[in-house]
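What follows is a set of notes on a single structure, which appears directly below.
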Amino acid sequence: MSVNTEEAIEFLTKSYAELKKDATELQNRMDTIAQTGTYAHTLEELTIGAKMAWRNSNRCVGRLFWDRIQVIDAREAATVAEIQEALFTHIEKATNGGQIRPFITIFKPGNEGPRIWNHQLIRYAGYASEQGIIGDPASVSFTEVCEKLGWRGARTAFDILPLVIQENADAAPIVIEIPPELVLEVPISHPDFPQIAELGLRWYAVPIISEMKLEIGGITYQAAPFNGWYMETEIGARNFADEGRYNKLAVIAEKIGLNTKRLDSLWKDRALVELNVAVIDSYHKAKVQIVDHHTAARQFGQFETNEQAAGREVTGEWAWLIPPVSPATTHMFHRRYPNKIVKPNFFYQESPFERTEITPVRRGGCPFH
Ligand code: ARG
């Protein structure tokens with residue numbers, strides 16, 4: 001496999017300086033690249049590279065913990081059985097009974113390596129039906145792919161999707177059910193409104209993004225699923241609240257007796273806050289780690305302080321860093337971040353199947369500007 005040698009040199013120079021390794025070690029690596037035109041990451045390089053990729057993820061507010069991700073080297077996994085085993089292990093170790101630990105499992109780089117078709121290792125199915133969508137609308141096209149490959153979902157609102165993996169770019173996709181005992185989930189209830197539990201809402205414990213590629217020093221890992229833990233707004237203000245997702249604000253408002261006839265009763269805002277309270281309380285009761293958006297904002301502030309002390313610029317994507325609930329109560333709202341792309345980093349890659357639910361974001365739509 002050939003690599004982008006310029007990026008390799010830049011990465012090695014930066015990372016070896018951070019790791020305080022001596023000049024001869026760096027020179028040895030440079031020689032390897034000069035002589036062979038390629039290199040394979042040592043476990044140490046892979047580890048610092050994955051950490052830097054997290055640190056450089058402009059959309060992530062959880063970056064204070066970038067140095068604490070654990071790297072599982074799965075570059076030797078070649079068969080479907082071995083890949084499946086590595087993914088199950090990831091789910092188990094990351095979940096850790098609710099005390100969630102950030103992990104990344106890194107598979108063989110390039111096209112000879114595997115490809116994971118899931119957006120996250122654990123996610124709910126979505127089905128288009130006569131009565132509208134059952135489950136998560138964000139999963140409709142992937143769910144169709146799974147069913148075309150022979151899987152059949154139970155059609156509840158919370159069916160755990162199977163894994164779909166390819167051994168390598170030329171191999172056929174294989175469908176694998178995740179053993180239910182590996183999937184920790186949290187039933188949603190509210191400390192003050194017991195009626196909310198009647199909605200039967202639930203969410204899984206660990207978000208494990210599996211569709212992005214990881215680029216380190218000129219080497220591309222197409223399969224490198226990684227996880228942190230949830231911030232409550234991801235679930236309470238987006239997954240359950242977005243009109244294009246579970247769309248639950250109106251039923252929540254009804255459960256807690258708000259006047260939904262008038263927009264200016266602010267029923268949407270009040271329902272949103274109570275839904276987020278419910279998510280936090282439910283995860284706490286289930287002893288599953290979660291962070292609220294105020295604490296996460298503080299932690300991000302600490303990250304900014306640390307980075308400045310280390311002489312590094314904090315890059316960020318403002319619209320993603322601010323929480324969707326009460327954004328102006330966080331310091332991020334009141335400052336700006338340069339949205340520069342620094343590598344190592346995670347990137348989107350072309351989907352291996354056709355998606356219908358992603359509508360392109362329209363920019364500059366204001367007729368007056
Ligand atoms: N927002 C996504 C979801 O709701 C998960 C993205 C990653 N989140 C995280 N806390 N690491 O499923």
Kindly indicate whether a cation-pi arrangement holds for Arg336 with Trp318, taking the cut-offs as under 6.0 Å to the six-membered ring centre and within 45° of the axis. yes
Assess the pair [X] and [Y]: is the distance between their ring centroids shorter than 6.0 Å?
X      : Y      : value
His331 : Phe333 : no
Phe346 : Phe226 : yes
Trp229 : Tyr283 : no

Donor on one side chain, acceptor on other, [X] and [Y], under 3.5 Å:
X      : Y      : result
Glu45  : Ser15  : no
His41  : Asp73  : no
Tyr124 : Glu185 : yes
Tyr204 : Gln120 : yes

Interatomic spacing from NZ in Lys213 to CD in Gln349 - rounded to 0.5 Å: 6.0 Å
In Å and rounded to the nearest 0.5 Å, what is the CD1 to CG distance from Ile72 to Leu46? 11.5 Å
Check the angle between the aromatic planes of Phe303 and Phe300 and answer parallel, tilted or perpendicular using the 30° and 60° thresholds. tilted
Would you call the rings of Trp203 and Phe240 parallel, tilted or perpendicular, where under 30° means parallel and over 60° means perpendicular? perpendicular
Heavy atoms, side chains only, cut-off 4.5 Å: are Val140 and Arg355 in contact? no
If you look at every heavy atom in Glu304 and Arg335, which pair is closest and at what distance? OE1-NH1, 2.6 Å
Shortest non-hydrogen pair, Tyr221 vs Ile106, comes out as CD2-CG2, 3.3 Å
Glu10: side-chain contact (heavy atoms from CB on, under 4.5 Å) partners, not counting sequence neighbours: Lys14
Residue pairs, two or more places apart or on separate chains, that pass side-chain hydrogen bond (donor to acceptor under 3.5 Å, both in side chains) and touch residues 158-175: Trp117-Gln166, Tyr127-Asp159, Thr156-Asp159
